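These notes are about the structure you will find just below.
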Amino acid sequence: MARKQPETKFKEKIFPILKLLPNSFYFSAQMKSIRGIPDIVGVINGVFVGLELKKSKAEAAKKTGRIVLQGHRLIQIRNAGGYGEFVYPENWEEVHRELSDLATRSGALSSIARRP
């Protein structure tokens, strides 16, 4: 049996926790998707969320081409008003707290999102 990558194990740990947040929807981006698209994509209270999973803070800080592109995509998400973040075990609690706050914030949905 093939060994799971650290990011896969981390995703399996946090994905069920994310699904418990109210007013949220998530899906896992496929391995062969568009380059730089975050591993987990979703919406919380009408806000686009992109989470790029890494096995450690050190890996997220690397300046390799792939990680630089992923960081650029996260900046694009933030600049468009979304929540984009590298997520690794060392910052998971903080990110989860921020996402929980976003999920319970009232008035985050636009009137367009609430139309029947």
Side-chain angles (χ1 to χ4, degrees):
M1 179 181 273
R3 289 184 50 197
K4 291 182 182 179
Q5 295 294 321
E7 289 86 359
T8 302
K9 290 180 184 178
F10 187 47
K11 182 178 0 181
E12 289 174 350
K13 174 185 173 187
I14 71 170
F15 207 75
I17 297 168
L18 290 172
K19 286 185 168 192
L20 293 175
L21 292 174
N23 306 313
S24 66
F25 166 75
Y26 295 95
F27 65 92
S28 179
Q30 296 298 318
M31 293 293 288
K32 296 182 181 181
S33 64
I34 300 170
R35 286 185 176 183
I37 298 300
D39 296 313
I40 297 175
V41 175
V43 178
I44 298 178
N45 247 343
V47 177
F48 182 87
V49 175
L51 305 176
E52 181 61 46
L53 306 180
K54 296 294 174 198
K55 65 182 175 184
S56 68
K57 182 177 183 176
E59 184 187 6
K62 288 182 180 178
K63 300 299 180 197
T64 63
R66 177 177 55 89
I67 295 173
V68 170
L69 176 60
Q70 291 166 339
H72 176 70
R73 295 285 186 235
L74 296 174
I75 290 168
Q76 289 178 314
I77 290 167
R78 289 184 214 131
N79 288 343
Y83 181 93
E85 198 65 54
F86 280 112
V87 184
Y88 36 85
E90 298 96 330
N91 76 343
W92 166 241
E93 292 298 323
E94 178 184 353
V95 169
H96 183 252
R97 190 170 32 259
E98 290 172 353
L99 295 174
S100 295
D101 290 347
L102 183 58
T104 57
R105 186 183 307 161
S106 63
L109 286 175
S110 71
S111 59
I112 295 171
R114 293 183 183 178
R115 285 192 290 197

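As the structure is a prediction and not an experimental result, all values here were calculated from the model. Index from 1, following the sequence. Quick note: numbers below take in every heavy atom, side chains included, and nothing from hydrogens, waters or symmetry partners.
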At what distance, to the nearest 0.5 angstrom, does CG of Leu51 lie from NZ of Lys11? 11.0 Å
Value rounded to 0.5 Å, distance of CG in Leu18 from CD1 in Ile44: 7.0 Å
Out of curiosity, does Val47 fall in the hydrophobic cluster containing Ile17 (side-chain heavy atoms, cut-off under 4.5 Å, transitive links)? yes
Residues that Lys55 engages under side-chain contact (heavy atoms from CB on, under 4.5 Å), provided they are two or more places apart: Pro6, Glu7, Glu59
For Thr104, which residues count as a side-chain contact (heavy atoms from CB on, under 4.5 Å) partner, sequence neighbours excluded? Pro22
Is there any side chain to side chain donor-acceptor pair (under 3.5 Å) pair reaching into residues 60-78, and which pairs are they, with sequence neighbours excluded? Glu52-Gln70, Lys54-Gln70, His72-Gln76, Arg73-Gln76
Side-chain heavy atoms of Val95 within contact of Ile14, under 4.5 Å: no
Closest heavy-atom contact between Pro38 and Leu74? CG-CD2, 4.1 Å
Distance, nearest 0.5 Å, that separates CG of Leu102 from CG of Asn45: 6.0 Å
Under the side-chain hydrogen bond (donor to acceptor under 3.5 Å, both in side chains) test, which residues partner Glu12, sequence neighbours left out? Lys4
Return each pair, listed once, that meets salt bridge (Lys or Arg N to Asp or Glu O under 4.0 Å) where at least one residue sits in residues 86-100; pairs must be two or more places apart or across chains. none
Pairs meeting criterion ring pair (Phe, Tyr, Trp, His ring centres under 6.0 Å) with involvement of residues 81-105, two or more places apart: Trp92-His96
Going by the rule side-chain hydrogen bond (donor to acceptor under 3.5 Å, both in side chains), which residues pair with Tyr26 if we only count those two or more places apart in sequence or in a different chain? none
If you take all heavy atoms of Pro89 and Ser56, which pair is closest and at what distance? CD-N, 4.5 Å
Would Ile37 and Phe27 show up in the same hydrophobic cluster when neighbours are defined by side-chain heavy atoms closer than 4.5 Å? yes
Only counting residues at least two apart or in another chain, list the ones meeting side-chain contact (heavy atoms from CB on, under 4.5 Å) with Phe48. Val41, Ile77
Nearest heavy-atom approach of Ala103 to Leu21 is CB-CB, 4.2 Å
Check side-chain contact (heavy atoms from CB on, under 4.5 Å) between Pro16 and all other residues, then give those that pass, not counting sequence neighbours. none
